[in-house]
Structure formats: structure tokens, C-alpha cells
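Beneath this line is the structure, given in C-alpha cells, with notes to follow.
Because only heavy atoms are used, hydrogens play no part in the values below, and waters and symmetry mates are left out as well, while side chains stay in. Just so it is clear: chains get the letters A, B, ... in the order the sequence lines come, proteins before strands, and each one is counted from 1.
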Number of protein chains: 2
Amino acid sequence: MTVSKTAGVEAAKPARPPRKENGEGPDEVSALQLGELSELLGYSLKRAQLKVFEDFLNCVAPLQLTPAQFSVLLLLDRNPGRNQTEIANTLGILRPNFVSMLDGLESRDLCARMRSTNDRRSHILALTEKGRAVLARAKKLVASKHEARLNELLGPEGRAALLDMLAKIAREF
Amino acid sequence: MTVSKTAGVEAAKPARPPRKENGEGPDEVSALQLGELSELLGYSLKRAQLKVFEDFLNCVAPLQLTPAQFSVLLLLDRNPGRNQTEIANTLGILRPNFVSMLDGLESRDLCARMRSTNDRRSHILALTEKGRAVLARAKKLVASKHEARLNELLGPEGRAALLDMLAKIAREF
DNA sequence: GATAATTGTTATCCAATATATCAAATGCCG
DNA sequence: CGGCATTTGATATATTGGATAACAATTATC
């Protein structure tokens with residue numbers, strides 16, 4: 001995203017510049033007042049989440065992995081021998097939606113479904129060689145580019161405190 | 001959500017209880033290992049955001065307001081005389097999507113569009129009487145039920161620290 | 001006055017999320 | 001054993017949020 005827009009073919013008419021260089025400064029007319037909005041935790045939470053996901057996508061772009069896909073690969077690596085329902089439930093993904101997600105990963109040869117010998121209903125999920133390799137590269141990108149940047153912004157202790165509180169909310173709220 | 005499921009009409013067959021009371025304990029087979037996932041800020045961020053939005057919806061359910069709608073009302077109250085583009089931009093909503101959102105609020109008589117006298121292209125947005133009343137009630141519900149619960153979970157200082165870091169991420173990341 | 005830009009709008013499109021339903025397989029209990 | 005409920009993966013489908021393209025009306029700019 002934020003890539004092409006209308007700048008496709010007939011990009012030959014910057015006759016008059018758009019009057020707004022839109023460099024960095026306040027682009028709005030006079031900067032609206034957020035008011036109580038800045039005290040709404042959910043608002044900042046959502047805004048921050050969008051930013052973090054966007055940065056994640058950028059950092060791991062060469063591997064073409066979304067946050068959700070990355071989380072699946074991580075879980076498969078750490079939990080061998082599990083079936084689709086178990087992995088999906090752990091990630092809060094509904095089973096029907098997890099099917100097409102796995103189709104995508106499997107078609108890229110990042111993971112594989114194998115029929116269980118015990119329970120022939122279920123599919124045991126496993127990373128492929130390529131899946132392990134991609135995951136390893138992704139981990140490095142995330143650590144060196146993504147999480148490093150967050151560390152820089154918040155400081156190690158700030159980042160840890162943030163993570164604790166978020167996990168607590170996700171767990172106990 | 002999480003309301004009815006299949007328990008609609010023919011809810012007369014608890015012949016054998018589902019074998020899992022599903023009270024509170026670890027429902028999963030043996031609790032998967034999250035591994036590096038618990039260190040991924042984006043993961044906890046998303047999970048926490050979902051929980052917070054869900055609670056917001058519950059708390060403000062009697063008024064039938066989503067977080068996004070609430071944020072619009074807040075912004076309109078604090079920034080009179082603005083047009084659709086300005087409000088939408090401030091909230092990170094794309095103008096085309098903001099149209100139907102406003103249609104919803106306007107059809108419920110919570111806000112109104114008025115053609116500007118200066119610029120007859122733009123619609124000046126304003127809360128109606130009912131809009132102000134609903135916003136006032138919503139604020140009370142959010143403060144007493146929603147944010148109060150977060151305060152209880154994190155403590156006032158924790159909540160403030162969390163808000164600061166989230167705002168910083170949303171602003172500078 | 002001609003051309004570009006802006007505003008609100010419509011029409012789409014895509015992704016994420018949610019429910020209902022199904023066939024195959026398994027568990028349970030008399 | 002035999003029947004019934006449950007589970008698993010899958011399909012179809014609906015809803016929602018978010019994104020782009022295009023348009024008419026209006027305004028800005030040269």
C-alpha cells in the first residue's frame with residue numbers, strides 16, 4: 001500500500017505544483033482538537049496497532065508475510081504435531097477462515113498438512129524446509145528492523161512495560 | 001457477538017452434557033506454546049485492541065455506538081464548523097467511507113450536515129441536540145464502566161504510562 | 001476565462017471476520 | 001454392536017472495514 005495511486009501512465013502534467021509540498025508539517029487546515037479522544041485508550045490502541053502492523057509489513061516485505069502469517073509460522077515451529085483447530089484457536093482465528101489462510105501458506109510451500117494416523121479427521125501441520133528458512137529470515141528482519149525500532153522509540157524498559165500491560169489486557173480484561 | 005449461536009429454536013436437547021463445562025480452565029488440549037509470539041509487540045497490541053473494543057461495545061451497548069461512531073461524535077462536539085474531509089482525515093477515515101458512516105449518524109438524528117455558505121462544496125457538520133445528549137450519556141458510560149475497568153486493571157499510573165507509549169507510537173513510529 | 005484542484009458522493013474491490021452447513025471420522029453409551 | 005452426538009476440515013455466504021477510481025458541482029489559480 002501507499003505505493004502507486006494514480007501515478008501510472010499519464011504522469012506528465014505537474015504543470016502547477018500542488019501548492020502544498022506536504023513535507024512533514026501539519027497538513028490540516030488548523031489542526032483539529034482531539035479532546036477526550038486522546039484519553040480514550042481504545043483510540044490510541046487502535047492507532048498504534050495500525051502503525052505497528054504497517055511497519056511490520058514494510059520490514060518483512062521481501063518475504064511477503066503478513067503479521068498473521070508470521071504468527072502461524074511461529075506457532076507451527078514451536079508446536080509440532082498440532083492440527084488446524086488447535087493452531088487456529090490459539091491465534092483467535094476461526095476454523096473456516098483458517099482454511100484459506102493455510103491454502104496460501106501451503107501453496108507457497110511454507111507448510112504442509114498431513115493426515116493424522118490417530119485421528120483421520122485432523123490435519124497435522126508442519127513447517128516445510130522452506131517454511132523454516134523463511135521463518136528464520138523473517139525473525140531476523142523483525143528483530144533487526146521492526147522490534148529494534150520500537151526499542152529505540154520506547155527504550156528497552158518502556159517496551160517491556162508496554163508488552164506486559166498489553167498482555168495483561170489481552171489476558172485478563 | 002458471542003450471543004446466540006445455534007441456540008435458537010430447537011434448544012431442547014441437552015441429553016448428554018457437552019463433557020466440557022468450559023468453566024475457565026485451559027480449554028485446549030494441552031495449551032500451545034506461544035514462544036516468540038509473546039514477545040511480538042504487534043501481536044499483543046492486536047489482541048489487547050480487540051479486547052478493549054469488545055468491552056467498549058458492551059459498555060456502551062445501550063446507546064448502540066461503535067468506537068468509531070463515538071470518536072466522530074467526540075470530534076464533532078469539540079470541533080464545530082468543520083466539514084467532512086477535515087473530520088474524516090483527523091480520524092484516519094477515508095472520505096468515501098465516511099459518507100455512509102455519516103449517513104448512519106444523521107439518520108439517527110445524532111448529527112447534521114449543513115451546506116457551508118463560504119464554500120458550497122463542503123458540508124459543515126454539527127451535533128444535534130440528541131447527538132449531544134447521546135454523547136453525554138456515552139461519555140458517562142465509557143468513564144464509569146470502560147475506562148474505570150482499565151484503571152482497575154493497570155492502576156492509574158500504569159494506564160497513563162500505557163496511554164503515553166501508545167500515543168507516542170501512533171505519533172512517531 | 002481556461003485549467004487544475006477540492007468536496008462530497010457513488011460504485012467497486014479486497015481483506016478480515018462471522019455464521020450455517022456438510023461429509024467424514026470419531027467418541028460415547030446403552 | 002449400533003445409534004447418536006461431537007469433532008474436524010471444508011464450503012458457501014454474509015457483513016464489515018478499508019481502499020481506489022471516477023464523477024458532478026464548486027472553487028482556486030493563472
task = Could you tell me whether the side chain of Leu75(B) reaches within less than 4.5 Å of the side chain of Leu34(A), counting heavy atoms only?
result = yes
query = Can you name the nearest heavy-atom pair linking Leu153(A) to Lys168(B), along with the distance?
reply = O-NZ, 3.5 Å
request  = Measure from the side chain of Asn83(B), starting at C-beta and using heavy atoms only, and say which of dT9(C), dT11(D), dT7(C) lies closest.
outcome  = dT7(C)
request  = Establish, with yes or no, whether the OP1 or OP2 oxygen of dT6(C) is under 4.0 angstrom from a side-chain nitrogen or oxygen of Ser122(B).
outcome  = no
query = Is the phosphate of dA10(D), meaning OP1 or OP2, less than 4.0 Å from a side-chain N or O of Arg113(A)?
reply = yes
message = Taking Glu39(A) first and then Arg159(B), would you say they form a salt bridge - that is, a charged N and a carboxylate O separated by under 4.0 Å?
response = yes
request  = Let me know the distance between CZ of Phe53(B) and C1' of dA16(C), rounded to the nearest Å.
outcome  = 15 Å
ask   = Atom CG of Leu94(B) to atom C1' of dA15(C): distance rounded to whole Å?
value = 15 Å
remark   = When rounded to whole Å, the CG to P distance for the pair Leu91(B) and dA19(D) reads 14 Å
query = Gln84(B) side chain N/O closer than 4.0 Å to the phosphate oxygens (OP1, OP2) of dT6(C)?
reply = no
note = Smallest heavy-atom separation, His146(B) atom then Asp55(B) atom, equals ND1-OD2, 2.7 Å
Find every protein N or O atom lying less than 3.5 Å from an N or O atom of nucleotides 24-27 of chain D, and list the pairs.
| unit_1 | atom_1 | unit_2 | atom_2 | d |
| --- | --- | --- | --- | --- |
| dT26(D) | O2 | Arg121(B) | NH1 | 3.3 |
| dT27(D) | OP1 | Arg120(B) | N | 2.8 |

message = Looking at Phe53(A), is its backbone amide N or carbonyl O close enough to the side chain of Lys46(B) to form a donor-acceptor pair, meaning the two atoms are under 3.5 Å apart?
response = no
message = So for atom NZ, which belongs to Lys130(A), do other residues, nucleotides or ligands contribute more than 12 heavy atoms lying within a distance under 6.0 Å?
response = yes
note = Sorted by position of nearest nucleotide on DNA chain C, 5' first, the leading residue of Pro96(B) and Leu50(B) is Pro96(B)
task = Ignoring backbone atoms, establish whether Lys46(B) has a side-chain N or O less than 4.0 Å from OP1 or OP2 of dA16(C).
result = no
Spacing of Asn97(A) atom CG relative to dA10(D) atom P, expressed in whole Å = 13 Å
Ile93(A) CD1 to dA15(C) C1', straight-line distance once rounded to whole Å = 13 Å
Length of the CD1-C1' vector between Ile124(B) and dT6(C), whole Å = 14 Å
ask   = How close or far is atom P of dT6(C) from atom CZ of Phe98(B), stated in whole angstroms?
value = 19 Å
key: Whole-Å gap separating C1' (dT8(D)) and CD (Glu86(A))   = 11 Å
message = Can a side-chain donor-acceptor contact be found between Arg95(B) and Asn89(B) if the only test is distance below 3.5 angstrom?
response = yes
